[in-house]
Amino acid sequence: MAAEEPVRRRRRPSDEGVAARRGVGGAAAAMRSAVEQLAQLLGRVPESVSSLRPAEEGWEAQVEVLELERIPDTTSILASYKVTLDERGDLISYERTRRYSRGAIDRPT
């Protein structure tokens, strides 16, 4: 019996440019990188990543961080940070964009 050859996915020309630009290894790796590096800088463990999108030369993420723990938990203060990563996954900037209580919900303006 002859061994079957593995199925090879054909690369589109655009795949190589995207892979090179996103050297961090894809969305999941970019998300982990944003969380780990922001935690090191702030000294707090982020709670979640609320958004992640490819940017011109890397990734941009919104990361939610617990800033002040209170009782009851719904009154704890969280902050949303905009994190920018380069194509290798290195954090190049971060900015706190919002502070809010855990129990708050977004309302249309």
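- S33 contributes a side-chain N or O that, together with a main-chain N or O of G89, makes up a donor-acceptor pair within less than 3.5 Å.
- Counting heavy atoms from C-beta on, the side chains of L66 and S76 come closer than 4.5 Å.
- For the residue pair E67 and R99, the shortest heavy atom distance occurs at OE1-NE, 2.9 Å.
- The two residues L85 and A30 make their nearest non-hydrogen contact at CD1-O, 3.3 Å.
- With hydrophobic clusters built from ILVMFWY side chains whose heavy atoms lie under 4.5 angstrom apart, L41 shares a cluster with Y81.
- Residues V35 and V49 form a side-chain contact, since some pair of their non-hydrogen atoms from C-beta on lies under 4.5 Å apart.
- Between R88 and D86, the closest heavy-atom pair is N-OD1, 2.9 Å.
- At a threshold of 4.5 Å between non-hydrogen side-chain atoms, the residues L52 and W59 count as touching.
- Using a 4.5 Å heavy-atom cutoff, the side chains of V83 and L91 are in contact.
- Taken to the nearest 0.5 Å, the CG atom of L42 stands 11.5 Å off from the CD atom of Q37.
- Rounding to the nearest 0.5 Å places CD1 of I92 at 9.0 Å from CD of E60.
- Crowding of E69 atom CD: a count of heavy atoms from other residues, nucleotides or ligands under 6.0 Å not exceeding 12.
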Exercise. List the steps, then state whether salt bridge (Lys or Arg N to Asp or Glu O under 4.0 Å) holds for E95 with K82.
Key: CA-CA 5 Å; E95 172 186 9; K82 177 182 174 184; 5.2 Å; no
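- Contact check for T84 versus Y94: no side-chain heavy atoms found under the 4.5 Å cut-off.
- With rounding to the nearest 0.5 angstrom, the CD1 atom of I77 is 10.0 Å from the CZ atom of R102.
- Counting heavy atoms from C-beta outward, S80 and T97 have side chains that approach closer than 4.5 Å.
- Between atom CG of residue L78 and atom CD of residue E64 there is a gap of 7.0 Å, rounded to the nearest 0.5 Å.
- The CG atom of L68 lies 11.0 Å from the OG atom of S101; values are rounded to the nearest 0.5 Å.
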